[in-house]
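Computed from heavy atoms alone, side chains included, the values below leave out hydrogens, waters and symmetry copies.
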Amino acid sequence: MQRSDVRGTDIQNSETAATVGTLATPALLLDKHRLDRNLARLSSRMGARGVALRPHMKTAKSIDVARRAYPSGLGPITVSTLAEAEYFAQYGFRDMTYAVGVAPHTAERAMRLRKAGIDLKMLLDSPEQAAMLGEAGRAAAVAPSAFIEIDCDGHRGGLTATDPKLIAVAAALAEAGVTLVGILTHAGESYSLCTSDALVAAAENERAVAVAAAETLRTAGHECPVVSVGSTPTAHFAEDLTGVTEMRAGVYMFFDLMMHGVGVCTTEDIAISVLATVIGTKPEKGWILVDAGWMALSRDRGTAAQRVDQGYGLVCDLSGQLYPNLIVAQASQEHGILAIRSGSAAALPHIPIGAKVRILPNHACAMASHHELYNVVSEGSDAIKAQWPRMRGW
């Protein structure tokens, strides 16, 4: 496959490099030190438990970030779009799981990647999808492989571990000539939790359901070599991973305010932010206006359902120091309105027009998706060390 030239550019001379303060806004910042620390934290945790880590690239969508996850070479990854699969294939990644249910058009497109030598594993939960995938494989003259999706907590798609259809899907895969590589589940309901005990229980439920589904298949005579689980909260709170072969997680690379609300990280772990400029003030309303609205921050309001509502994001000064109880309270397309959190006695800080602030994301995946590249910084320095492009599309 022909590789497109979208590799990030390292800025070698820090004395002449652009600084955070001179960037045009809104701009996406990525703290390389925090990124590396987050990557090492989960990699070490899975290594100590003997479980392979298959990072989900849906958050980062960047070859430069992927190389930080695999500094010594390439490894297994998870993708959420076939555009991601094609992009990472250009840079040599060969072992991928497409963790979205298969449809006719995605089956055909995925088989082209398998034809090119990419071990792209699909996801399904019905005999109809098994037949469809088999047909696409025969048309491309390649052998497909797939996971059966298991529903461990009612969050999204998949079969329960006790559903009689589980055996029927495995049989349909065999009949269609599709290799069953294992089962895959995602504990998405863990995002709604906020205590250590609840997160440990969610992780154990995820493990137990996944292992039970795999054993059901094996008892029925179907090989099930891979037991794949994954969510950022359960990855960090699982105490026992017996029977699990791999862990998938994505937002752990950057973290965000939703993960902070769940209790997985601190605000000091959040690696991305949007740089914005103050463009107006309305002291009579207690407002500061900035040039970053939902087009730069996203409309994600996931923290509204948590114990602490962070509006459209927490506000920091240029160095990353949080202003007490200052949030993006409202957002229109290109305007953000900063205000003191309702119920707080904190005073609105004086931030003059033209000054810059940094806004932490509610949801890192959503915030990053609105930007073309990361402006890479390091803690303790305002120099832009590199610019790493992001891929986009489906």
Discussion item. My understanding is that only residues two or more places apart in sequence, or in another chain, count here; which of them pass side-chain hydrogen bond (donor to acceptor under 3.5 Å, both in side chains) with Asn375?
Written reply: Gln387
Worksheet item: Does a donor on one side chain and an acceptor on the other come within less than 3.5 Å for Gln310 and Arg301?
Response: no
Discussion item. What verdict does the side-chain contact (heavy atoms from CB on, under 4.5 Å) test give for Arg114 and Asp119, after you've listed the backbone C-alpha separation in whole Å, the side-chain angles of each residue and the deciding distance to 0.1 Å?
Written reply: CA-CA 6 Å; Arg114 285 192 70 87; Asp119 181 15; 3.3 Å; yes
Worksheet item: Would you find more than 12 non-hydrogen atoms of other residues, nucleotides or ligands less than 6.0 Å from Glu175 atom CD?
Response: no
Worksheet item: Between the side chains of Asp151 and Thr160, is a donor N or O closer than 3.5 angstrom to an acceptor N or O?
Response: no
Item to complete: Over all heavy atoms of both residues, which pair between Pro361 and Ile270 is shortest? Give the atoms and the distance, please.
Response: CD-CG2, 3.7 Å
Discussion item. Tell me whether Arg34 is salt-bridged to Glu379, with the criterion being a basic N under 4.0 Å from an acidic carboxylate O.
Written reply: yes
Worksheet item: side-chain hydrogen bond (donor to acceptor under 3.5 Å, both in side chains) with Asn38: which residues, sequence neighbours excluded?
Response: none
Fill in: Tyr374 ring center within less than 6.0 Å of Phe254 ring center
yes
Worksheet entry | Lys385 NZ to Lys32 NZ distance, which is reported to the nearest 0.5 Å | 7.5 Å
Discussion item. Distance alone, cut at 3.5 Å: any donor-acceptor contact between the side chains of Thr277 and Thr25?
Written reply: yes
Discussion item. Check Arg392 with Glu372, please: is the shortest side-chain N to carboxylate O separation under 4.0 Å?
Written reply: yes
Item to complete: Kindly compute the distance separating CG (Leu338) from CD1 (Ile359), expressed to the nearest 0.5 Å.
Response: 6.0 Å
Worksheet item: Does a side-chain N-to-carboxylate-O contact under 4.0 Å join Lys61 and Glu84?
Response: yes
Fill in: Aromatic contact, His236 with Phe255 (centres under 6.0 Å)
yes
Worksheet entry | Approximate separation, where rounding is to 0.5 Å, of Thr78 OG1 and Met247 CE | 11.5 Å
Practice prompt. Find out whether the Lys NZ or Arg CZ of Arg41 is both under 6.0 angstrom from the six-membered ring centre of Tyr252 and within 45° of the ring's axis.
Written response: no
Worksheet entry | Any side-chain donor near an acceptor of the partner, Asp300 and Ser298, under 3.5 Å | no
Worksheet entry | Distance-only polar pair, side chains of Gln306 and Thr303, donor-acceptor under 3.5 Å | no
Worksheet entry | Greater than 12 external heavy atoms within 6.0 Å of Glu334's CD | yes
Discussion item. Using modelled atom types and a 3.5 Å cut-off, is there a donor and acceptor pairing between side-chain atoms of Ser231 and backbone atoms of Gly188?
Written reply: no
Worksheet item: Using a side-chain heavy atom cutoff under 4.5 Å and only I, L, V, M, F, W and Y, what cluster partners does Trp287 have?
Response: Ile279, Leu289, Ile337
